[in-house]
Amino acid sequence: MKPLIITLFAFMLGLQVANAQPVPGADENIPYLITFGKGGETAWGDDNFVQIIFFSIPADQNTPVYIRVYDPDCGGENDEMKSSWNTKTKFTIYGGAGSCSNKDAQKCNEKGNYKSGTMLLTKTFGSEPTFDGKWYTFGPINPSEGENLPEFGGRTFKLVIEGISGDDGNMYRLFLSRNGNNNVKVDGAFAYYFKYKFRMHDSGTEVSHIYPYIDNRVVSIKQSNFDWDNDGFLRIISVSKNGVMMKVSNDDEWQSSTHKIDDAEKNSSWDIQMIKSKSKPLKNNNVVIYLENQYGELLPFYSVPIGGIPKYKYTIGVKPKK
C-alpha cells in the first residue's frame with residue numbers, strides 16, 4: 001500500500017493546492033462544519049458529537065504554521081440553538097508519534113484512543129461574543145511537531161473537535177495558514193478527513209461535493225450517511241460513472257449502499273454530489289457521511305480533489321458500414 005500512497009502524493013504536490021487550505025474546501029461548496037454539544041439530539045444531525053480533521057504539511061516546511069477557526073463559539077447568527085445557548089466546544093490539536101496513524105483516529109465511531117499523540121494546543125469555547133463571527137488562531141505550530149507520515153504527504157496534525165456540554169449546534173470553518181492574522185496558504189499542504197459532519201445549503205439550487213480518492217486496492221465502496229432527511233439525492237460522478245445514485249437516509253437514521261469500482265476509476269477521485277431537493281429543500285439540514293473499502297477501512301476525503309474534479313468519459317460506438 002505505501003508505494004501507492006507515495007505515488008499519489010508525489011502527484012498531488014504537482015497540483016495547484018490553493019484551494020486545499022480551507023475546510024470545507026472551496027470545491028466542496030459546503031457552508032460549515034458542525035458539532036453539537038454532547039447533550040444534543042442525534043436527530044439534529046450529529047451522531048456522536050465529535051469531529052476529526054487532519055492537516056498534512058510538506059516535510060520541507062520549516063516556518064511555523066497556524067490552524068485558524070472561524071466562529072469557534074456557539075451562540076450567534078451562524079450557530080443552531082435548541083433551547084438556550086448552553087454549549088461548550090473543545091478544539092484540540094495533536095502531533096507526535098501515533099497522533100494521526102493510530103487506527104482509532106481513523107474510524108467512524110470515535111471510540112478508543114482517538115485522542116492519541118501529544119496534545120499541543122487546546123481551547124474550549126462557550127457562547128462568548130468575542131469569538132462570534134471572528135477568526136481564532138491556534139499557533140504558532142512548529143511543523144516538526146507533526147507526525148512524520150510520508151505516505152500522507154509529510155508532517156501531519158490532528159484536530160479533534162468535541163461538543164463537551166450542552167445541546168446546540170456549533171457551526172465553524174477552518175483554515176491552515178502560514179500567517180497568524182490572515183489566511184495565507186501553506187504551499188503543498190492539504191486537509192483530509194475520514195468522517196465528515198457538515199451543514200447543507202438551505203437553497204435547492206446549490207450542489208455540494210466530497211472527493212474521495214480511489215487507489216489501486218479498492219474493489220468496492222460502501223457509503224454510509226446519517227440523518228439526510230431524504231433532502232434530495234446523492235450521486236457519483238467519475239470517469240466511468242455518470243450519475244450513479246446512492247441511498248440516502250431519513251431522519252435520525254443511517255443508510256448505506258455498496259458500489260463496485262471499475263478498473264478505469266482506480267487511481268482517480270470520485271465526485272460525490274449532494275443535490276438538494278428543488279421542490280421542498282430543507283433548512284438547517286446537518287448530515288454525516290463516511291466511506292469504507294472492501295476491507296472495512298475508511299477512505300479519506302480530501303479538501304481538494306486529487307487529480308482535479310473527475311469528469312465522465314463518454315464513449316462513442318461506431319458501427320461499420322454494411
Side-chain angles (χ1 to χ4, degrees), residues 23-24 30-53 67-94 104-105 107-112 114-115 119 121-136 138 158-174 193-202 208 224-232 248-255 274 276 280-290:
V23 182
I30 291 170
Y32 289 95
L33 306 183
I34 190 162
T35 302
F36 277 80
K38 69 176 183 180
E41 296 183 16
T42 57
W44 286 46
D46 189 344
D47 64 315
N48 63 0
F49 320 120
V50 178
Q51 175 132 249
I52 302 175
I53 306 293
I67 294 176
R68 309 190 74 217
V69 185
Y70 177 73
D71 197 27
D73 76 306
C74 187
E77 181 181 356
N78 296 322
D79 302 308
E80 186 169 3
M81 182 173 67
K82 184 178 181 184
S83 54
S84 63
W85 295 121
N86 62 1
T87 295
K88 291 186 177 180
T89 311
K90 185 177 183 180
F91 293 75
T92 306
I93 298 170
Y94 296 87
D104 286 340
K107 292 181 179 178
C108 62
N109 56 14
E110 287 88 17
K111 293 182 179 180
Y114 66 90
K115 298 180 187 178
M119 186 179 73
L121 296 163
T122 186
K123 186 172 178 62
T124 298
F125 299 89
S127 59
E128 306 92 333
T130 305
F131 304 113
D132 186 38
K134 298 179 177 64
W135 288 93
Y136 179 85
F138 287 97
K158 175 176 65 187
L159 173 61
V160 177
I161 305 105
E162 304 171 272
I164 60 174
S165 65
D167 55 11
D168 310 302
N170 189 355
M171 295 197 292
Y172 52 92
R173 295 196 293 263
L174 308 170
Y193 11 92
F194 292 91
K195 183 181 182 182
Y196 214 19
K197 304 179 180 185
F198 52 89
R199 163 64 60 87
M200 296 279 283
H201 284 284
D202 287 343
S208 297
S224 298
N225 63 81
F226 178 74
D227 196 48
W228 214 269
D229 293 327
N230 209 22
D231 181 25
V248 296
S249 53
N250 291 307
D251 182 48
D252 200 22
E253 73 167 17
W254 285 97
Q255 184 60 267
M274 299 168 279
K276 294 273 293 186
K280 294 182 179 180
L282 292 180
K283 291 187 176 182
N284 303 333
N285 192 11
N286 311 307
V287 299
V288 184
I289 189 167
Y290 65 86

Any chance you could measure [X], atom [atom1], to [Y], atom [atom2], to the nearest 0.5 Å?
{"X": "S83", "Y": "D168", "atom1": "OG", "atom2": "CG", "answer": "6.5 Å"}
{"X": "K283", "Y": "D231", "atom1": "NZ", "atom2": "CG", "answer": "12.5 Å"}
{"X": "D79", "Y": "R199", "atom1": "CG", "atom2": "CZ", "answer": "9.0 Å"}
{"X": "T87", "Y": "F36", "atom1": "OG1", "atom2": "CZ", "answer": "8.5 Å"}
{"X": "I93", "Y": "I67", "atom1": "CD1", "atom2": "CD1", "answer": "4.0 Å"}
{"X": "L159", "Y": "L121", "atom1": "CG", "atom2": "CG", "answer": "10.5 Å"}

Check whether any side-chain heavy atom of [X] lies under 4.5 Å from a side-chain heavy atom of [Y], and answer yes or no.
{"X": "P24", "Y": "Y32", "value": "no"}
{"X": "E41", "Y": "D167", "value": "no"}
{"X": "L33", "Y": "Y196", "value": "yes"}
{"X": "R173", "Y": "D71", "value": "no"}
{"X": "I161", "Y": "N170", "value": "no"}
{"X": "W135", "Y": "Y70", "value": "yes"}
{"X": "N284", "Y": "D202", "value": "yes"}
{"X": "N286", "Y": "K197", "value": "no"}

Report yes or no: does [X] contribute a side-chain atom to a donor-acceptor pair with the main-chain N or O of [Y] at less than 3.5 Å?
{"X": "D227", "Y": "D251", "value": "no"}
{"X": "K123", "Y": "F138", "value": "no"}
{"X": "K276", "Y": "L282", "value": "yes"}

* Can you tell me if S249 and N225 form a side-chain donor-acceptor pair at under 3.5 Å? -> yes

* **Contacts of type ring-ring contact (aromatic ring centres under 6.0 Å, His included), residue W44, not counting sequence neighbours** => none

* Could you list the residues that satisfy ring-ring contact (aromatic ring centres under 6.0 Å, His included) with F125, not counting sequence neighbours? => F91, F131, Y136

* Using the ring of F49 (Phe, Tyr or Trp, six-membered ring only), decide whether K38 places NZ or CZ under 6.0 Å from its centre and within 45 degrees of its axis. => no

* **Verdict with supporting geometry, M274 and F198, side chain to side chain contact (heavy atoms under 4.5 Å, CB included)** => CA-CA 12 Å; M274 299 168 279; F198 52 89; 3.3 Å; yes

* Partner of F226 by side-chain contact (heavy atoms from CB on, under 4.5 Å), out of I289, T42, V287, D46 -> T42

* To do: Please lay out, stage by stage, how T89 and T124 fare under the test side chain to side chain contact (heavy atoms under 4.5 Å, CB included).
  => CA-CA 5 Å; T89 311; T124 298; over 6 Å; no

* Applying side chain to side chain contact (heavy atoms under 4.5 Å, CB included), run through K195 and D47 and close with a yes or a no. => CA-CA 11 Å; K195 183 181 182 182; D47 64 315; 2.6 Å; yes

* Asked: Got a salt bridge between D104 and K111, using NZ or NE/NH1/NH2 to carboxylate O under 4.0 Å?
  -> no

* Asked: For atom NZ of K88, is the number of surrounding heavy atoms from other residues, nucleotides or ligands below 6.0 Å larger than 12?
  -> no

Of the non-hydrogen atoms in [X] and [Y], which two are nearest, and what is the gap between them?
{"X": "Y94", "Y": "K115", "result": "CE2-O, 3.3 Å"}
{"X": "S127", "Y": "C74", "result": "CB-O, 3.3 Å"}
{"X": "V248", "Y": "Q255", "result": "O-CG, 3.6 Å"}

* To do: Given side chain to side chain contact (heavy atoms under 4.5 Å, CB included), test Y193 with Q51 step by step and report yes or no.
  => CA-CA 9 Å; Y193 11 92; Q51 175 132 249; over 6 Å; no

